[in-house]
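Fair warning: this is a prediction, and the values are worked out from it, not measured in the lab. Computed from heavy atoms alone, side chains included, the values below leave out hydrogens, waters and symmetry copies.
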Amino acid sequence: MSLYTLAFREDDEDARVFSPDERLSFAADLMATIGSFDGDALVVLPAGFVIAPSKERRDDWADGLASVSRSAGVALVFGIDVEGAERWG
């Protein structure tokens, strides 16, 4: 199994800050590209990759990522934080 991830260098002072929609679009493109040549791939998105403004938006984004993962034929591990939600201890 091949392992892939997608991270942004947002701590670099010259880096552009990407919106959640841009991040999700990049993740979808990454899965489609990887799926076209690696049938045994696992994509892992890092913690804090996107932060949803609500639980409903989180669920929509999760459904979309899962759908792209299935279509691309790659396994996917991800989590989506919800803005303002309590953190785990």
Side-chain angles (χ1 to χ4, degrees):
M1 176 174 284
S2 303
L3 176 66
Y4 301 87
T5 191
L6 176 60
F8 296 90
R9 295 182 181 250
E10 299 214 358
D11 55 354
D12 180 353
E13 60 189 65
D14 293 329
R16 175 175 176 228
V17 176
F18 295 97
S19 72
D21 289 330
E22 289 172 313
R23 288 171 168 266
L24 293 167
S25 179
F26 287 130
D29 291 346
L30 175 71
M31 286 186 281
T33 299
I34 291 169
S36 71
F37 67 85
D38 189 347
D40 195 28
L42 169 63
V43 174
V44 178
L45 300 179
F49 184 73
V50 291
I51 299 174
S54 67
K55 290 179 182 179
E56 293 77 15
R57 180 63 60 93
R58 176 204 59 199
D59 293 347
D60 290 343
W61 287 349
D63 289 344
L65 283 171
S67 177
V68 171
S69 170
R70 283 190 298 275
S71 295
V74 300
L76 176 64
V77 175
F78 69 95
I80 298 174
D81 295 338
V82 176
E83 188 175 291
E86 289 185 33
R87 301 272 182 212
W88 287 28

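A side-chain donor-acceptor contact under 3.5 Å links S71 to the backbone of S67.
Side-chain contact check for L6 versus F26: some heavy-atom pair is nearer than 4.5 Å. Between L76 and V74 there is no side-chain heavy-atom pair separated by less than 4.5 Å. In this structure, W61 and L24 have side chains that are in contact, with non-hydrogen atoms separated by less than 4.5 Å. With contacts defined as side-chain heavy-atom distances shorter than 4.5 Å, the pair T5/V43 does not qualify. When side chains are defined from C-beta on, E22 does not count as touching S25, because their heavy atoms never get closer than 4.5 Å. Inter-residue side-chain proximity for V50 and D81 is flagged as unmet; no heavy-atom pair is nearer than 4.5 Å.
Summarising the geometry, atom OG belonging to S2 is positioned 6.0 Å from atom CG belonging to D40; distances are rounded to the nearest 0.5 Å. How far CG of D38 is from CE of M1: 9.0 Å, rounded to the nearest 0.5 Å. With rounding to the nearest 0.5 angstrom, the CG atom of L65 is 8.0 Å from the CZ atom of F49. Atom CG of residue L45 and atom CE of residue M31 lie 6.5 Å apart, to the nearest 0.5 angstrom.
Placement of F18 and I80 within a single hydrophobic cluster is found when ILVMFWY residues are connected by side-chain heavy-atom separations under 4.5 Å, directly or transitively. Taken together through direct or relayed side-chain contacts under 4.5 Å among Ile, Leu, Val, Met, Phe, Trp and Tyr, L30 and L42 form parts of separate hydrophobic clusters.
The aromatic rings of F37 and Y4 sit perpendicular to each other, their planes meeting at more than 60°, with 30° as the lower class boundary.
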